[in-house]
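What you are looking at is a predicted structure, and each value in this text was computed from that prediction instead of being measured. Residues take their numbers from the sequence shown, with the count starting at 1.
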Amino acid sequence: MPSLTARAVHTGLLLGLAALWSGLLAAWHLDGREVVFDRLEVPLLDARFLLVGPRPAPRDVVVVALDDEAIREAGTYPLPRAELARLVRAIAGQHPRAIGLDVLLLDRGREEADAVLEAALRETGTVLAGAAVFARVPSQAAREEPAREGPAGIPVAERVLRPLDRFGSGTGFGLVNVASDRNGTPRHLPLLIADGGTLLPALVLRLAARAAGGEPVLDAQTLTVGTVTSRLDLGFSLPLRFYGPRGSLRTVSAAALLRNETDPQALSGCIVLVGATAPGAADTFATPYDPILPGVEVLATGLAHLTAGDGLMRDAAVRRLDAGVVAGFGLGAALLLLVLTPPALAAGLIVLAAAGWLAATTAAFAAGYWFAAALPLAALAPVVAFGLGGRLLLDRRDARALARAERALRAFHPPRLAARIAHEPQFLAEPLVQDAAILFLDLSGFTGLSERLGARATQAFLKDFHALVEDRIGRHDGLVMSFMGDGAMCVFGLAEPGADDARHALAAALALIPAVRSWLAGSAGRAHGIDLRVGVHHGEIVVSRLGSAEHQHITATGDSVNTASRLMEVGKTLGAALTVSEDLLRAAGEPAVAAAGFEGRRVVTIRGRARTLTVAYRWARTTAGRV
């Protein structure tokens with residue numbers, strides 16, 4: 001009962017832990033809350049990028065690179081504003097669908113240069129860059145992970161860095177912030193950021209809408225720009241699916257454009273994003289494919305997703321499926337650990353399930369779905385630890401209890417029989433009919449001895465005698481079924497009969513009589529006039545449980561048992577210590593019989609039996625005729 005109670009408590013706690021923990025993880029995931037296990041998601045996500053590998057980028061999104069060559073020719077970075085104006089006009093001359101400038105124009109310059117740039121931006125309809133600053137790291141002006149969220153999870157800026165009014169008032173601007181993980185790898189582009197009561201769009205959203213020639217249509221989970229619909233993550237953010245290392249998106253050098261060294265149709269009909277790619281510009285990110293991907297290429301990646309619809313899908317439906325898997329893993333692991341035996345089997349199946357989930361998330365990633373690989377694994381950790389640890393502790397306790405029960409059984413049953421009952425409680429629930437060798441023994445003259453010794457000394461005498469009998473019978477693979485005062489009933493081949501049972505019984509009898517006589521002789525005269533008498537027979541017996549449902553004992557019954565018992569009477573008549581039946585001799589085999597040294601054989605009548613029986617005897621103390 002204590003074990004059942006402990007297992008019931010463990011079951012309840014394990015199921016409760018699985019439900020609570022997986023429920024919390026699922027709720028946090030649906031809410032977009034960052035938890036410590038997200039640190040495991042980062043390397044698993046990067047591994048999926050690397051396993052799936054780079055893929056072709058859309059050709060209609062082009063980066064015009066402010067690279068080392070352009071900066072060297074301009075002589076400074078940022079480029080002089082007159083040079084920027086010339087670059088914008090050169091791009092517009094190739095008739096792109098839209099132009100975006102990933103350069104922050106926050107401060108006033110020389111009036112003449114500002115006027116030239118203002119006119120170029122206005123004439124070309126270039127969309128400018130702005131940046132939101134968040135309270136978490138106020139020193140960073142751009143490319144910052146949003147910290148505070150407003151309604152619908154939209155990030156709320158502490159302040160916004162806007163382009164000068166003279167530049168942005170006529171062309172509009174968009175924000176260039178990205179949301180990065182703890183390692184600084186960009187994972188999302190927030191498409192909307194709140195500034196007070198105003199929602200400001202991302203630069204890529206403005207560019208995509210301008211290229212499509214219409215306003216974007218936004219609902220709770222999707223964004224439609226022109227004819228392309230993208231599925232959004234929490235807070236109207238766009239998950240990033242990188243195409244490859246630097247240069248995966250079509251890139252044109254600003255220096256080549258300014259020198260008129262490019263194909264005059266290279267930018268025709270494209271969406272152009274101008275930005276710094278020079279490492280010295282300090283605007284780079286580490287991604288799975290490249291440790292220094294320029295920030296403008298990160299933005300261009302998001303812009304390509306909005307125009308081609310090939311971004312990662314991680315919307316509310318995907319997150320709900322993640323949550324369902326989390327709950328399934330947690331509760332499933334708990335049930336496996338409760339049901340399957342041994343626990344190692346359950347642990348193995350859980351490991352296979354985890355590996356299967358990782359493989360499934362990789363296959364889904366190749367199809368553009370971002371499922372949480374780490375979250376179900378996080379659901380398993382405490383459940384497996386508590387479930388497996390509890391099972392092992394309870395199993396060890398049960399094993400100790402079983403060992404104690406087995407030791408207790410051995411005190412009342414032969415050791416091998418006790419072990420069989422302990423490990424197979426239904427042993428002999430149905431009677432078993434089999435052949436076996438049966439050996440009976442008792443001490444002649446014991447009644448007078450017990451009168452002389454008294455109760456305590458008799459008990460000590462019998463204890464030593466029983467130990468000697470148990471030892472000698474056990475050495476020959478026999479079982480002492482029961483002790484009856486100065487006598488015992490032994491069986492050879494119980495439950496597992498063998499060809500050598502009769503030979504073992506004969507060998508045990510031949511060894512037992514001299515051993516007992518030697519022990520009696522050394523008892524300081526207490527056992528004067530005492531001797532051992534043994535009868536052995538071989539035949540069919542019925543082994544079964546006898547007694548009530550609450551108290552049972554195992555015994556062997558049948559005519560063969562009665563005959564073996566009567567052989568001790570025959571031995572008394574013959575004056576022999578050992579009397580065995582012809583059936584036993586036949587089963588033991590001629591070599592064993594020849595070595596036994598029997599003194600004679602005789603046909604006898606067994607009390608209660610109609611048929612006579614041929615017996616052999618040895619250690620006769622009176623003269624007996626031989627047959």
Side-chain angles (χ1 to χ4, degrees), residues 55-64 96-102 125-132 142-143 146 152-155 171-180 186-193 199-244 248-251 267 269-275 285 287 293-318 367-370:
R55 59 198 179 94
R59 300 291 295 171
D60 62 345
V61 174
V62 182
V63 173
V64 171
R97 283 187 289 159
I99 305 172
L101 186 58
D102 182 22
T126 300
V127 181
L128 302 183
R143 317 297 196 207
I154 296 174
T171 60
F173 76 96
L175 303 179
V176 294
N177 297 77
V178 302
S180 305
R187 299 299 182 187
H188 294 82
L189 287 181
L191 298 181
L192 294 173
I193 294 177
L199 292 179
L200 300 178
L203 174 63
V204 298
L205 179 56
R206 275 198 182 275
L207 279 176
R210 182 159 296 182
E215 291 297 318
V217 178
L218 188 67
D219 63 21
Q221 298 183 31
T222 62
L223 170 69
T224 301
V225 180
T227 60
V228 178
T229 298
S230 300
R231 295 165 64 176
L232 304 182
D233 203 349
L234 300 175
F236 299 102
S237 61
L238 180 69
L240 290 171
R241 186 183 182 191
F242 299 104
Y243 295 102
S248 295
L249 286 143
R250 195 152 64 94
T251 302
L267 306 179
C270 296
I271 307 173
V272 178
L273 190 58
V274 181
F285 293 91
T287 69
L293 186 72
V296 67
E297 288 200 42
V298 175
L299 295 178
T301 299
L303 178 59
H305 294 343
L306 293 179
T307 58
D310 62 350
L312 279 176
M313 287 175 277
R314 200 192 199 195
D315 59 1
V318 171
Y369 291 88
W370 176 5

Colleague: Please name the pair of heavy atoms, one in Ala131 and one in Val176, separated by the smallest distance, quoted to 0.1 Å.
Modeller: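 In terms of heavy atoms, the two residues are closest at CB-CG2, 4.4 Å.
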Colleague: Apply side chain to side chain contact (heavy atoms under 4.5 Å, CB included) to residues Val274 and Val296 and explain how you reach the verdict.
Modeller: CA-CA 7 Å; Val274 181; Val296 67; over 6 Å; no
Colleague: Work out which heavy atom in Gly302 is nearest to a heavy atom in Leu189; give both atom names and the distance.
Modeller: CA-CD1, 3.5 Å
Colleague: Show every salt bridge (Lys or Arg N to Asp or Glu O under 4.0 Å) that has at least one partner inside residues 212-227, sequence neighbours left out.
Modeller: none
Colleague: Not counting sequence neighbours, which residues clear ring pair (Phe, Tyr, Trp, His ring centres under 6.0 Å) with Phe242? List them please.
Modeller: Phe49
Colleague: Give every donor-acceptor pair under 3.5 Å between a side-chain atom in residues 233-240 and any protein atom, sequence neighbours left out.
Modeller:
from: Asp233; atom 1: OD1; to: Arg319; atom 2: NE; distance (Å): 2.8
from: Asp233; atom 1: OD1; to: Arg319; atom 2: NH2; distance (Å): 3.3
from: Asp233; atom 1: OD2; to: His188; atom 2: NE2; distance (Å): 2.9
from: Asp233; atom 1: OD2; to: Arg319; atom 2: NH2; distance (Å): 3.1
from: Ser237; atom 1: OG; to: Leu234; atom 2: O; distance (Å): 2.8

Colleague: Ignoring hydrogens, what is the shortest heavy-atom contact between Leu203 and Ala129? Give both atom names and the distance.
Modeller: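 Smallest interatomic distance, heavy atoms only, reads CD2-CB, 4.4 Å.
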Colleague: By side chain to side chain contact (heavy atoms under 4.5 Å, CB included), which residues pair with Ala209, not counting sequence neighbours?
Modeller: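 Once residues adjacent in sequence are excluded, the partners of Ala209 under the side chain to side chain contact (heavy atoms under 4.5 Å, CB included) criterion are Pro216.
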Colleague: Return the minimal non-hydrogen interatomic distance between Pro186 and Thr287, and the atom names on each side.
Modeller: CD-CG2, 4.4 Å
Colleague: Report the distance from atom CG of Leu273 to atom CG of Leu101, rounding to the nearest 0.5 Å.
Modeller: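 Leu273 CG to Leu101 CG: 8.5 Å, rounded to 0.5 Å.
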Colleague: How would you list, by chain and number, every residue that makes a salt bridge (Lys or Arg N to Asp or Glu O under 4.0 Å) with Arg231, sequence neighbours excluded?
Modeller: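 Only Asp315 meet the salt bridge (Lys or Arg N to Asp or Glu O under 4.0 Å) criterion with Arg231.
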Colleague: Just grab all the salt bridge (Lys or Arg N to Asp or Glu O under 4.0 Å) pairs involving residues 294-312, residues at least two apart or on different chains.
Modeller: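 Checked against salt bridge (Lys or Arg N to Asp or Glu O under 4.0 Å) - neighbours excluded - the pairs reaching residues 294-312 are Arg55-Asp310.
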Colleague: What heavy-atom pair brings Val204 and Leu299 nearest, and what distance separates the two atoms?
Modeller: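 For Val204 versus Leu299, the nearest heavy atoms are CG1-O, 3.2 Å.
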Colleague: Side chains of Thr229 and Thr224 only: does a donor on one sit below 3.5 Å from an acceptor on the other?
Modeller: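 Looking only at side-chain atoms, Thr224 and Thr229 do form a donor-acceptor pair, the distance falling under 3.5 Å.
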Colleague: List in chain and number order the residues that pass side-chain hydrogen bond (donor to acceptor under 3.5 Å, both in side chains) with Thr251, two or more places apart in sequence or in another chain; answer none if no residue qualifies.
Modeller: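 Scan of Thr251 (side-chain hydrogen bond (donor to acceptor under 3.5 Å, both in side chains), adjacent residues dropped) gives none.
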Colleague: Using the salt bridge (Lys or Arg N to Asp or Glu O under 4.0 Å) rule, collect all pairs that involve residues 300-309, keeping only residues at least two apart or in two chains.
Modeller: none
Colleague: Taking salt bridge (Lys or Arg N to Asp or Glu O under 4.0 Å) as the test, write out the residues that go with Arg241, two or more places apart.
Modeller: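 Scan of Arg241 (salt bridge (Lys or Arg N to Asp or Glu O under 4.0 Å), adjacent residues dropped) gives none.
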Colleague: What do the steps show when you test Cys270 against Arg250 for side chain to side chain contact (heavy atoms under 4.5 Å, CB included), and what is the final call?
Modeller: CA-CA 10 Å; Cys270 296; Arg250 195 152 64 94; 3.1 Å; yes
Colleague: Calculate, to the nearest 0.5 Å, the distance between atoms CZ and CG belonging to Arg206 and Leu200 respectively.
Modeller: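 Reported value, rounded in 0.5 Å steps: 8.0 Å.
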Colleague: Tell me the closest heavy-atom pair linking Pro155 and Pro190, and the distance in Å.
Modeller: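 So the minimum-distance heavy-atom pair works out to CG-CB, 4.1 Å.
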Colleague: Not counting sequence neighbours, which residues clear side chain to side chain contact (heavy atoms under 4.5 Å, CB included) with Ala211? List them please.
Modeller: Arg97, Ala98, Ile271
